[in-house]
Amino acid sequence: MTDTDGMVDLFVIGGGINGCGIARDAAGRGLSVALCEKDDLAQATSSSSTKLFHGGLRYLEYYEFRLVREALIERETLLTAMPHISWPMRFVLPHHKEMRPAWLIRLGLFLYDNLGGRKILPGTKTLNLHTDPAGAPLKTAYTKAFEYSDCWVEDSRLVVLNARDAEARGARIMTRTTCVSATRNADHWDVVVEKADGAQETIRARGLVNAGGPWVEDIIRNTVRINSTEGVRLVRGSHIVLKKQFDHDKAYFMQGKDGRIMFAIPYETNFTLIGTTDKDHRGAPGTAECTNEEAQYMLDFASEYFAEPLKAEDIVWRYSGVRPLYDDGASSATAATRDYVLSLDGGGPQAPLLNVFGGKITTYRRLAEAALAKLAPFYPAATDDWTARVPLPGGDFPVDGVQALVDGLKDAHPFLDDRWALRLVRAYGTEAAEMLGSAQDASDLGEEFGASLTEAELRWLMDKEYVRSAEDAVWRRSKLGLRLTADQIARIDAWIAAHTDETTRLAS
């Protein structure tokens with residue numbers, strides 16, 4: 001939506017979690033908003049996380065108490081708003097006698113349990129690894145562990161649902177649309193965008209938000225063309241996915257002799273996710289790859305804990321993303337702050353530019369609130385904070401209501417098995433019923449492409465979730481790519497290409 005003079009209140013560059021979170025928040029305050037993303041939503045950093053809503057236990061060692069407290073409070077706020085794509089998870093921290101002493105870990109976990117006003121998630125307890133099932137996959141040298149709570153989140157779905165909710169509140173979401181230039185005038189910005197077909201459009205905006213993630217510094221210098229001494233430290237975080245390594249639903253928090261930590265997390269039913277690394281990234285942000293050296297490092301790290309050594313041949317997928325940390329001059333990538341920095345350029349007679357540096361997926365909603373607080377003087381008619389615990393699309397059900405949704409879906413659609421119904425509920429929540437419609441047989445959903453992905457679901461993804469390729473569908477809106485063959489993915493691509501209406505949503 002735009003004003004009658006053709007001007008929007010706020011233009012957001014970047015379709016990652018920070019950009020989409022800010023667009024949603026602003027639109028819900030009554031501002032007119034436009035957002036452009038040069039690729040697919042969440043195509044870079046925001047789909048390459050460890051996929052956790054967590055306080056950041058290790059950040060206590062760097063005295064980042066404000067960041068940890070804010071993140072701990074947010075876990076339950078977010079869990080309440082999106083119980084389909086986020087859920088509680090228990091983490092097992094084996095005590096390694098050569099690492100931090102047990103009393104120090106217990107003190108850290110006491111703070112972790114109590115800093116954030118925890119109400120839903122259970123607290124820490126001590127495990128005997130020789131009797132508890134969590135000890136079965138581990139080396140017998142590990143006898144004691146601490147078990148604590150954090151939350152899982154489907155990171156790329158989180159981004160898309162924020163974009164959808166922003167659009168429902170009036171925002172214009174443009175994917176595969178590059179911001180070519182932004183020129184500041186006295187009271188507004190002239191923003192030139194280029195769509196996938198090469199067509200350009202100029203959008204006038206009263207304010208500009210640079211949420212370019214790893215590209216934030218490039219946008220400052222080459223798109224907006226202003227002088228700034230602020231910059232980002234690009235830190236590559238890589239992950240590997242292996243065949244399932246243990247038979248329970250708890251994750252492991254592992255400490256390394258080099259001071260690093262690593263997670264081993266149950267993933268997509270049949271797999272185990274291990275990550276992450278912290279390496280300064282020297283190339284272009286889009287070139288991040290999990291190297292063989294990093295993969296081997298993670299295998300060796302986890303093999304210090306697991307009784308059966310992890311092998312390279314068990315890796316079924318690997319991914320890597322670049323975290324755009326604020327460059328605070330830290331001596332190492334591990335020590336660099338994970339806190340966000342919001343830098344406002346302009347004011348008075350000048351149209352504002354807000355540059356977003358850093359941030360964690362857990363604090364994206366608070367970051368958005370802080371961004372709107374910075375911009376508030378320019379938008380006196382904007383309403384107050386509103387996003388806390390407000391459901392994202394499909395999330396309007398209780399935190400403990402997943403099984404009831406699964407049962408209801410199976411009753412209404414008898415052809416669904418438990419696994420299929422659970423996958424749909426975990427992806428779409430209450431909207432799964434709308435997507436399935438009145439289907440009483442699997443054939444009512446059209447062609448089946450493998451791994452229970454049907455024509456009806458693809459149409460939903462194209463119509464409502466900005467999907468324009470098989471990669472969008474099977475690696476970001478879902479992780480069905482782990483279960484599909486190259487031929488099946490190629491068939492999905494061909495179907496999407498044949499059914500894409502260039503006049504509807506493509507980059508518009």
Any luck finding a side-chain donor-acceptor pair between Thr175 and Glu37 under 3.5 Å? no
Thr363 side chain vs Ala71 backbone, donor-acceptor pair below 3.5 Å: no
To the nearest 0.5 Å, what is the distance between CZ on Phe449 and CG on Leu458? 5.0 Å
Nearest heavy-atom neighbours spanning Gly481 and Ile489: CA-CD1, 4.4 Å
Is there a side-chain contact between Leu325 and Val232, using heavy atoms and a 4.5 Å cut-off? no
Are the side chain of His84 and the backbone N or O of Pro393 linked by a donor-acceptor pair below 3.5 Å? yes
Under 3.5 Å side-chain donor-acceptor pair for Ser452 and Arg423: yes
Any side-chain heavy atom of Leu344 sitting closer than 4.5 Å to one from Phe378? yes
Polar side-chain atom of Thr500 near backbone of Ile496 as donor-acceptor pair, under 3.5 Å: yes
Chi angles and distances behind the side-chain contact (heavy atoms from CB on, under 4.5 Å) call for Trp495, Arg459: CA-CA 10 Å; Trp495 190 94; Arg459 288 189 185 279; 3.6 Å; yes
Sidechain-backbone polar pair: Gln488 side chain, Thr485 backbone, donor-acceptor under 3.5 Å: yes
Rounded distance [0.5 Å steps], CG in Leu121 versus OH in Tyr148: 12.0 Å
With a 4.0 Å cut-off, would you call Arg118 and Glu76 a salt bridge? no
Sidechain N-carboxylate O distance under 4.0 Å for Arg476, Asp472: yes
Please round to the nearest 0.5 Å and tell me the distance separating atom CG of Leu422 and atom CH2 of Trp420. 14.0 Å
Is any side-chain heavy atom of Phe271 closer than 4.5 Å to a side-chain heavy atom of Lys244? no
Taken to the nearest 0.5 Å, the spacing of Glu201 CD from Thr177 OG1 works out to 8.5 Å
Looking at Ala284, is its backbone amide N or carbonyl O close enough to the side chain of Thr287 to form a donor-acceptor pair, meaning the two atoms are under 3.5 Å apart? yes
Less than 6.0 angstrom from the centroid, inside 45 degrees of the normal: does Lys38 satisfy that with respect to the ring of Trp215? yes
The single option from Arg236, Lys279, Arg260 that satisfies salt bridge (Lys or Arg N to Asp or Glu O under 4.0 Å) with Glu294 is Arg236
Without hydrogens or angle criteria, can the side chains of Tyr297 and Asn292 be said to hold a donor-acceptor pair below 3.5 Å? no
Can you confirm whether the side chains of Asp155 and Ser46 place a donor and an acceptor under 3.5 Å from each other? no
Checking Val241 against Tyr267 for the side-chain contact (heavy atoms from CB on, under 4.5 Å) test, could you report, in this order, the C-alpha distance in whole Å, the side-chain angles of both residues, the deciding distance, and whether it holds? CA-CA 8 Å; Val241 176; Tyr267 188 60; 3.9 Å; yes
Is it true that Arg366 and Glu70 have a side-chain N and a carboxylate O under 4.0 angstrom from each other? yes
Using a distance-only test with no angle check, is there a side-chain donor-acceptor pair under 3.5 angstrom linking Arg29 and Thr383? no
For Ala302 and Ile274, the nearest pair of non-hydrogen atoms, with its separation, is CB-CD1, 4.0 Å
Would you indicate whether the side-chain heavy atoms of Glu230 and Asp327 approach each other to under 4.5 Å? no
Would you check if there is a donor-acceptor pair between the side chains of Glu167 and Tyr466 at a distance under 3.5 Å? yes
Nearest heavy-atom approach of Ala451 to Leu484 is CB-CD2, 3.9 Å
Under a 3.5 Å distance rule, please check whether Arg206 uses its side chain to pair with a backbone N or O of Leu10 as donor and acceptor. no
Side chains of Val33 and Arg172: does their closest heavy-atom pair fall under 4.5 Å? no
If only side-chain N and O atoms count, and only distance matters, is there a donor-acceptor pair under 3.5 Å linking Ser320 with Ser238? yes
Give a yes or no answer on whether the side chain of Asp165 reaches the backbone of Arg24 with a donor-acceptor pair at less than 3.5 Å. no
Candidate pair Asp385 and Arg365, rule salt bridge (Lys or Arg N to Asp or Glu O under 4.0 Å), full reasoning: CA-CA 10 Å; Asp385 294 349; Arg365 192 195 64 83; over 6 Å; no
How about Arg184: does its CZ atom have over 12 heavy atoms from other parts shown lying under 6.0 Å from it? yes
Is the number of heavy atoms from other residues, nucleotides or ligands under 6.0 Å of Glu289 CD greater than 12? no
Among Val180, Val192, Val191, find the one that has a side chain to side chain contact (heavy atoms under 4.5 Å, CB included) with Thr202. Val192
With Ile22 as reference, evaluate Asn162, Leu372, Ile17 under the side chain to side chain contact (heavy atoms under 4.5 Å, CB included) test and give the passing residue. Leu372
Quick one: does any side-chain atom of Thr50 pair with a main-chain N or O of Leu52 as donor and acceptor, under 3.5 Å? no
Distance only, no hydrogens: is a donor on one side chain within 3.5 Å (strictly under) of an acceptor on the other, for Thr362 and His54? no
Ion pair check, Asp39 and Arg176, cut-off under 4.0 Å: no
Looking only at heavy atoms, which two atoms of Ser228 and Ile220 are closest? And how far apart? CB-CG2, 3.9 Å
Closest non-hydrogen contact found for Cys20 with Leu41 is SG-CD2, 4.0 Å
Run the numbers on Tyr319 and Ser47 for side-chain contact (heavy atoms from CB on, under 4.5 Å), then give the verdict. CA-CA 9 Å; Tyr319 66 90; Ser47 59; over 6 Å; no
Within the structure provided, determine whether Thr45 and Pro324 are in side-chain contact (heavy-atom separation under 4.5 Å). yes
Asp150/Arg90 ion pair, N-O < 4.0 Å: no
When you check the gap from the basic side-chain N to the acidic O, do Asp280 and Arg233 get nearer than 4.0 Å? yes
Any donor-acceptor pair under 3.5 Å linking the side chain of Asp9 with the backbone of Ser32? yes
Side-chain heavy atoms of Leu161 within contact of Tyr428, under 4.5 Å: no
Could you tell me whether a side-chain N or O of Tyr340 sits under 3.5 Å from a main-chain N or O of Ala370, the two making a donor and an acceptor? no
Tell me whether Arg75 forms a cation-pi arrangement with Tyr112, defined as NZ or CZ under 6.0 Å from the six-membered ring centre and within 45 degrees of its axis. yes
Nearest 0.5 Å please: distance from the OG1 atom of Thr272 over to the OH atom of Tyr252. 9.5 Å
Can you name the one residue among Arg164, Lys464, Arg157, Arg426 that meets salt bridge (Lys or Arg N to Asp or Glu O under 4.0 Å) with Glu431? Arg164
Over all heavy atoms of both residues, which pair between Val402 and Pro83 is shortest? Give the atoms and the distance, please. CG2-O, 3.8 Å
In Å, rounded to the nearest 0.5 Å, how long is the span from CZ of Phe91 to CZ of Phe253? 9.5 Å
Could you tell me whether the side chain of Leu375 reaches within less than 4.5 Å of the side chain of Pro352, counting heavy atoms only? yes
